[in-house]
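In each ligand, atom 1 is the first atom listed, and ligand 1 is the first ligand listed.
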Amino acid sequence: MGKERRSIVERYPGNPILTKDDVPYPVETVHNAAVVKHAGGYTMLFRSHLKNGRSVIGIADSRDGYAFTVRDRPFVTPATEGPFAQVEEFGVEDPRITLVEGEYLVTYSAYSRFGVRVVLARTADFEAVERIAVITQADCRNVVLFPERIGGRYVRLDRPHSEIMPWSIWMSSSPDLVHWGESKPLISPMTYHWDEMKVGPGSPPVKTERGWLHVFHGVFKTMDGAVYRLGTALHDLADPSRVIGVADEWILQPEDPWEVTGYVHNVVFCCAMVPEDDRTAKIYWGGADTVVCAGTVDMEELVRLCIDRPRPPL
Ligand code: BMA
């Protein structure tokens, strides 16, 4: 192994690409951003902490996927009336976006005194958003939807969490996006490994010739607190519950000053991988729960890592 190994995620030299100073309303952080291609450019949904410690989801637009302009108002704020008010009482966090059958489906974590659950919403144009349903029980986070039905069913990865550690990545499916079942664990943390404390889905899966590729986060607990890193995994195209490979090594860890120090130290947390035409993809991550960062990956290289240098999924 040569010492000068190129990093797998090439950080954008202009990182961080978004900070709280870019937001035209008062926020303490901007992080954990979902991004999709839309209307000839890129649209981002990102989480911000308010000064009361609770979170809202903002929206920003870009031509090139790096320079984003934040809109005047947040895209999702906690519902204060109607059927979603009870689950969103303590805030909305960590959006993901998947284009499914012509509409953008958005999932986000909703916190309340009853724990954390995931809400599914839809938007055609990123102007209006319509909540569809609460699609998990408590406690569950990090729902990422596959972009197409597989075997006639909608499919998602998610991460339920309970008293029982360590917390794993599960898959479930649905006939209608509202009722979910057939749940099973697919990827577990590995003892004495960079992800030994917990893992969770990061980006919605992207279709490649070799399988469904996604980026996930893994957490290691140290005497100095937890370290959030990113890993990658590949699933069978026809049956994504079959994990083809989970790369043994992480692909990104906190290294830049704004990833090492911030609202929560030592965090890189991914909610989006956006494929480009040349087999690269842009990935986006929150740095230290404080800023949004971007970088590029060679998707073929991620696929190879999963196939050639795997570790056991469970
Ligand atoms: C997780 C979530 C993420 C956050 C991460 C690091 O549990 O709360 O939103 O980025 O912790 O603090």
Side-chain angles (χ1 to χ4, degrees), residues 15-20 27-35 44-50 52-58 74 76 78 87-97 106-112 115-119 136 138-144 157-170 189 194-204 214-222 224-231 250 252-256 258-273 283-294:
N15 276 346
I17 61 164
L18 204 71
T19 74
K20 67 176 184 173
V27 295
E28 293 304 296
T29 65
V30 293
H31 60 298
N32 299 2
V35 179
M44 172 191 285
L45 299 179
F46 60 93
R47 171 179 173 194
S48 285
H49 284 98
L50 305 177
N52 61 7
R54 295 183 179 172
S55 295
V56 297
I57 294 172
V76 183
V87 287
E88 297 185 1
E89 177 190 23
F90 292 167
V92 291
E93 305 186 356
D94 297 4
R96 270 84 172 189
I97 312 166
V106 178
T107 56
Y108 59 85
S109 302
Y111 275 81
S112 76
V116 55
R117 302 176 68 186
V118 174
V119 172
T136 69
D139 283 314
C140 189
R141 294 174 43 96
N142 302 311
V143 169
V144 299
L157 303 175
D158 63 27
R159 211 286 309 286
H161 52 271
S162 66
E163 298 284 294
I164 301 163
M165 297 283 285
W167 300 338
S168 303
I169 294 173
W170 291 57
W194 62 271
D195 60 4
E196 85 165 348
M197 185 183 164
K198 56 177 174 172
V199 290
S203 70
H214 67 97
V215 172
F216 64 94
H217 64 262
V219 185
F220 188 83
K221 205 168 170 188
T222 75
D224 192 30
V227 181
Y228 277 71
R229 298 185 173 96
L230 302 180
W250 70 71
L252 189 77
Q253 69 162 349
E255 282 173 17
D256 272 338
W258 45 84
E259 297 164 348
V260 171
T261 307
Y263 194 80
V264 181
H265 293 183
N266 285 318
V267 176
V268 291
F269 192 96
C270 177
C271 296
M273 171 161 60
I283 70 163
Y284 296 86
W285 63 92
D289 284 5
T290 305
V291 296
V292 178
C293 303

Near Phe269 (heavy-atom distance under 4.0 Å), the atoms of ligand 1 are 3 (C), 10 (O)

Restricting to heavy atoms, the pick from Arg47, Arg141, Lys198, Glu93 nearest atom 2 (C) of ligand 1 would be Arg141

Quiz item: Is it the case that Gln253 and Trp194 place a side-chain donor and acceptor less than 3.5 Å from each other?
Solution: no

One finds that the ligand 1 atoms under 4.0 Å from a non-hydrogen atom of Val264 are 12 (O)

So is Tyr111 polar-close to ligand 1, meaning N/O to N/O under 3.5 Å? no

Q) Do Pro78 and Val56 come within less than 4.5 Å of each other through their side chains, counting heavy atoms only? A) yes

for atom 3 (C) of ligand 1, nearest protein heavy atom and its distance come out as Asp94 OD2, 3.3 Å

Separation between CZ (Phe46) and CD1 (Ile17), nearest 0.5 Å, reads 10.5 Å

Heavy-atom nearest pair, Glu93 first then Tyr108, reads O-CB, 3.4 Å

The closest protein heavy-atom partner of atom 6 (C) of ligand 1 is Asp289 OD2, 3.4 Å

(Q) With a 6.0 Å cut-off (strictly less than), is the heavy-atom count around CG of Asp224, excluding the residue itself, greater than 12? (A) no

the protein heavy atom lying closest to atom 11 (O) of ligand 1 turns out to be Tyr228 OH, 3.0 Å

Could you walk me through whether Tyr228 and Asp289 pass side chain to side chain contact (heavy atoms under 4.5 Å, CB included), step by step?
CA-CA 11 Å; Tyr228 277 71; Asp289 284 5; over 6 Å; no

